[in-house]
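Predicted model, so just to flag it, every value in this text is computed and none were measured.
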Amino acid sequence: YWFAPWLFLGVLNNLLGIQYLSNVGASQMYATLAAVASGVGFAAYFVLIPRLSYLGVPMGILLGEFCLSVLLLMAVYRRWQASGRREVRS
């Protein structure tokens with residue numbers, strides 16, 4: 001039940017973080033963003049587990065993965081803007 005969104009976000013985070021940011025020399029940025037998202041997910045455990053019991057664990061994981069996805073999308077977009085490729089070519 002909780003596996004599909006986690007799998008999708010995990011693949012997206014892999015593509016944006018490891019496959020893209022690490023290859024363009026921004027692996028330190030990826031590590032920092034992953035640490036921030038991990039902290040958000042871990043903090044969510046303290047709120048979600050007492051309220052949702054065992055369902056708080058997958059919710060915390062999803063929240064951390066979603067947070068990482070948003071942070072990585074913002075980082076990749078900023079790098080894309082900074083590179084001067086603002087228009088999409090077909």
Could you give the side-chain donor-acceptor pairs of residues 31-40 under 3.5 Å, partners two or more places apart or in another chain?
| from | atom 1 | to | atom 2 | distance (Å) |
| --- | --- | --- | --- | --- |
| T32 | OG1 | Q28 | O | 3.0 |
| S38 | OG | A34 | O | 2.8 |

Item to check | Closest non-hydrogen atom pair between L12 and S69, with its separation | outcome: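 Heavy atoms of L12 and S69 come nearest at CD2-OG, 3.9 Å.
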Checklist entry - Which pair of non-hydrogen atoms, one from L21 and one from R79, has the smallest distance, and what is that distance? => result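 Heavy atoms only, the tightest pair is CD2-CD, 3.6 Å.
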Please tabulate, one pair per line, all N/O donor-acceptor pairs under 3.5 Å involving side-chain atoms of residues 45-67, not counting sequence neighbours.
| from | atom 1 | to | atom 2 | distance (Å) |
| --- | --- | --- | --- | --- |
| E65 | OE1 | N13 | ND2 | 2.6 |

Next on the checklist: Test your reading of the model: is there a side-chain donor-acceptor pair from N14 to the backbone of G10, 3.5 Å cut-off?
Outcome noted: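 Side chain of N14 to backbone of G10: no pair is present.
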Checklist entry - How long is the gap from CG on L73 to CG on L68, to the nearest 0.5 Å? => result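 Taking CG in L73 and CG in L68, the distance rounds to 9.5 Å.
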